[in-house]
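Structure first, commentary second.
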Amino acid sequence: MRKQIVAGNWKMNNDLSQTESLISELTNKKQTSNAEVMIAPTFTNLYKAFEALRETSIEVIAQNMHFAENGAYTGEISASMLKSVGVNTVILGHSERREYFNETDELLAKKVDAALENQMRIIFCFGEVLADRKSGNQEKVVESQIKNALFHLDAAAFKNIVLAYEPVWAIGTGETASPEQAQDMHAFIRKTLANKYGKDVANNMSILYGGSVKPNNAKEIFSKPDVDGGLIGGAALNADDFFAIVNAF
Ligand code: PEP
């Protein structure tokens, strides 16, 4: 059985006291689904969040990390630093990192290697921009993002990877891929994995959808057979909305 996952990416939102209050609201919510639940606060609040959620089933994860173990990389955070504050999962390749911080597939391949060497789990994000979708190139783009950053790995490494298909045109725009568009792409991603690594790896891979998932569309998106959950941005900042999505399975 593939894992169902709902992960909230808080991005650069919530200072320390806002983090504490949102976490306290989250811990008062009742989970009725079996999904794994994760939240990704900003770096400065990871430890506080980890401490506050230690006894719960909500996992605290990071939004990014550097590929180096330590050294002269001013402003950066390494995998072992994340692990030292209780964080064992990291989001890599988010479209905002790709767009605003020039993260390329080649750089992301290095980050992937560093995370795996540190026994971290990865939520690896990718997705096409609107121009790719309009020109019908979305599958080509997604295939090359996956191949360039992940296909140097052996099959065993995929046990520690979760994929997140996030069409860039649907992130933070209120525009969602239709459940059918999401399903078509997720099936294509699974086929791409199966071609390279075989059916076992492909069928065990959790593939999340991200892009304006809200309480009113989550159920339909999650009902598609190849959609195993969601990476949630805006709606993760509200405890009611986030848990409505968690419980949409
Ligand atoms: C995201 O940033 O990963 C995301 C999916 O954001 P939103 O839900 O706000 O579109």
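Heads up: numbering here begins at 1 and tracks the sequence. Whatever order the structure lists them in is the order used to number ligands and atoms, beginning at 1.
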I'd like to check L53 versus I39 (side-chain heavy atoms, cut-off strictly below 4.5 Å). Are they in contact? yes
For ligand 1, protein residues within the heavy-atom limit of under 4.0 Å are N9, K11, H94, E166, A170, I171, G172, G210, G211, S212, L231, I232, G233, G234
Under a side-chain separation threshold of 4.5 Å, the hydrophobic residues clustered together with V129 are V168
### Task
With the side chain counted from C-beta on, respond yes when K111 and H66 share a heavy-atom pair under 4.5 Å apart, and no when they do not.
no
Is any side-chain heavy atom of E128 less than 4.5 Å from a side-chain heavy atom of Y165? yes
| query | So do the side chains of V6 and M38 get within less than 4.5 Å of each other, counting heavy atoms only? | reply | no
### Message
With a 4.5 Å cut-off on side-chain heavy-atom distances among I, L, V, M, F, W and Y, is there a chain of contacts connecting W169 to V213?
### Response
no
